[in-house]
Amino acid sequence: MDKDSWVSQTQINNASQETERVIRALVSEILRIFDYDPFSGFIQGKSLSIVLDISLPCPQCCSKTHNKAQKFDYIVYLNSTPDKHGQMLYQLAHEMTHFFMCNSPDDEKYRWIAEVLCASASLFALKNLSPDVKSSIFKGNESCFDKYLQNHLIQYDPDKTNTPNKLLLAYSDTLEDQYCERRFRNNRLAFWIYEEMEHKTQGWSAVPIIVQMSFRDNPSSKGFLERWRSSCITDEQRTFVSKLINLFYPTAR
């Protein structure tokens with residue numbers, strides 16, 4: 001089975017035939033943009049369903065591990081309305097990145113890393129959507145992706161004096177009542193990644209490697225990133241993670 005066949009066999013629910021066609025086109029683009037491989041690593045053989053439900057308060061990726069009653073290994077829920085294609089891609093890129101990381105890491109201490117990567121994936125997807133796909137699938141509405149991207153860049157464009165390292169020190173990830181503040185922080189960090197990588201996704205295939213890592217010795221977040229880098233396979237992947245380390249911890253070597 002190739003990637004196109006995998007996309008065609010992914011279950012999509014609560015969507016019209018046209019919306020289903022749109023979602024499949026966007027999923028194919030996400031695989032291409034980030035070089036995600038549904039046939040390798042821990043994700044191999046995992047079943048996926050994508051559900052469109054505008055009544056939900058937020059999109060999410062749910063694992064069967066935490067809900068034994070669900071039929072599929074993973075369910076991605078979107079709450080975008082069918083006509084808002086920019087928002088749909090933004091949500092899909094975020095939740096599909098959780099899927100390819102198998103919702104790891106589980107430890108709350110490192111969850112910010114996954115959330116920042118997923119938030120930045122949304123920006124990269126909006127920026128790198130193929131012009132051919134825009135013109136063929138979204139003819140007459142091609143500009144919606146650039147508009148949605150610009151709205152988010154304006155919203156989260158950080159004060160350049162508020163560096164990523166300062167942002168990390170500003171909030172405690174252990175306080176539940178800081179959820180909104182942490183989300184805003186994560187989106188700002190995502191902007192920094194988007195800028196640091198110059199809007200390009202070389203080495204992004206390192207992201208699914210996170211699911212293979214074990215942290216029984218409870219390293220620091222910096223130690224997490226360094227161990228991730230040492231687990232990378234290609235030079236592009238190592239360069240990608242090194243940029244993240246230097247971005248978040250500028251004194252790291």
Side-chain angles (χ1 to χ4, degrees), residues 1-41 43 48-52 54 59 61 74 76-101 117-156 190-191 193-208 234 236-237 239-240:
M1 183 188 299
D2 57 17
K3 289 185 180 182
D4 288 340
S5 299
W6 183 84
V7 171
S8 68
Q9 291 187 16
T10 297
Q11 184 81 30
I12 299 176
N13 296 315
N14 293 355
S16 67
Q17 187 173 2
E18 175 58 23
T19 300
E20 181 177 329
R21 185 175 77 97
V22 166
I23 291 174
R24 293 194 193 282
L26 293 179
V27 170
S28 292
E29 276 294 278
I30 289 168
L31 297 186
R32 179 192 65 81
I33 292 168
F34 299 108
D35 196 23
Y36 288 149
D37 185 357
F39 308 113
S40 67
I43 208 64
L48 172 67
S49 173
I50 299 173
V51 178
L52 198 61
I54 61 175
C61 179
Y74 290 87
V76 165
Y77 292 95
L78 308 177
N79 68 351
S80 169
T81 55
D83 60 320
K84 294 183 178 179
H85 298 143
Q87 182 185 37
M88 188 177 289
L89 176 57
Y90 185 89
Q91 293 183 0
L92 258 178
H94 184 118
E95 302 306 331
M96 289 288 292
T97 298
H98 277 307
F99 168 67
F100 277 97
M101 287 193 289
L117 287 168
C118 290
S120 61
S122 296
L123 303 179
F124 283 107
L126 288 166
K127 178 66 176 180
N128 292 287
L129 191 66
S130 165
D132 290 340
V133 170
K134 286 182 183 180
S135 60
S136 61
I137 305 294
F138 306 101
K139 189 173 183 179
N141 195 31
E142 296 95 328
S143 63
C144 72
F145 302 101
D146 291 333
K147 289 178 180 177
Y148 203 81
L149 173 62
Q150 291 307 313
N151 286 340
H152 278 270
L153 295 183
I154 291 170
Q155 183 178 2
Y156 295 114
F191 179 96
I193 293 176
Y194 178 78
E195 291 290 292
E196 177 68 21
M197 304 300 176
E198 298 179 337
H199 322 153
K200 300 173 183 176
T201 57
Q202 282 90 341
W204 192 278
S205 57
V207 170
T234 69
E236 276 193 345
Q237 291 173 346
T239 297
F240 174 82

Fit a plane to each ring of Tyr194 and His199, take the angle between them on a 0 to 90° scale, and name the class: parallel (under 30°), tilted (30 to 60°) or perpendicular (over 60°). parallel
Rounded distance [0.5 Å steps], CG in Leu52 versus CD in Glu20: 11.0 Å
Would Thr97 and Met101 count as a side-chain contact (heavy atoms from CB on, under 4.5 Å) here? Give the steps. CA-CA 6 Å; Thr97 298; Met101 287 193 289; 4.0 Å; yes
Taking Glu95 for the side chain and Cys61 for the main chain, is one N or O donor matched with an acceptor at less than 3.5 Å? yes
For Leu129 and Arg32, the nearest pair of non-hydrogen atoms, with its separation, is C-NH2, 4.1 Å
Hey, what do you get for NE2 (His85) to CG (Leu126), rounding to the nearest 0.5 Å? 13.0 Å
Identify the heavy atoms of Leu78 and Met88 that sit nearest to each other, and give their distance. CD1-CG, 4.3 Å
Looking only at heavy atoms, the pair that brings Tyr148 and Gln87 closest together is OH-CG, 3.3 Å
Go through the steps to decide whether Phe100 and Leu31 satisfy the test side-chain contact (heavy atoms from CB on, under 4.5 Å), and finish with yes or no. CA-CA 10 Å; Phe100 277 97; Leu31 297 186; 3.5 Å; yes
Determine whether the aromatic ring centres of Phe99 and Tyr36 lie less than 6.0 Å apart. no
Can you say whether the rings of Phe124 and Phe34 are parallel (under 30°), tilted (30 to 60°) or perpendicular (over 60°)? perpendicular
Is there a donor-acceptor pair under 3.5 Å between the side chain of Gln202 and the backbone N or O of Glu236? no
Is there a donor-acceptor contact under 3.5 Å linking the side chains of Gln237 and Ser205? yes
If you look at every heavy atom in Ser80 and Ile54, which pair is closest and at what distance? O-CG2, 3.5 Å
Lys147 and Gln150, any side-chain heavy atoms less than 4.5 Å apart: no
Candidate pair Asn14 and Tyr77, rule side-chain contact (heavy atoms from CB on, under 4.5 Å), full reasoning: CA-CA 10 Å; Asn14 293 355; Tyr77 292 95; over 6 Å; no
For the residue pair Arg24 and Val7, what are the closest heavy atoms and their distance? NH1-O, 2.7 Å
Euclidean distance, Ser122 OG relative to Leu92 CG, rounded to 0.5 Å: 9.0 Å
Interatomic distance, Phe39 atom CZ to Lys3 atom NZ [nearest 0.5 angstrom]: 8.5 Å
Regarding Asp146 and Ser143, do their side chains bring together a donor and an acceptor under 3.5 Å, going by distance alone? no
Indicate, with yes or no, if the rings of His94 and Tyr90 have centres closer together than 6.0 Å. no
Can Leu48 and Ile43 be said to form a side-chain contact (heavy atoms from CB on, under 4.5 Å), step by step? CA-CA 10 Å; Leu48 172 67; Ile43 208 64; over 6 Å; no
Looking at side-chain heavy atoms only, is the closest gap between Thr234 and Phe240 below 4.5 Å? no
Do you know the tightest heavy-atom contact between Leu89 and Ala125? CD2-O, 3.7 Å
Reported CD-to-CE distance for the pair Glu29 and Met96, which is rounded to 0.5 angstrom: 12.5 Å
NZ/Lys127: more than 12 non-hydrogen atoms of other groups inside 6.0 Å: no
Look up atom CE in Met197 and atom CG in Leu123, then write down how far apart they are to the nearest 0.5 Å. 12.5 Å
Between Thr201 and Asp35, is any side-chain donor less than 3.5 angstrom from a side-chain acceptor? no
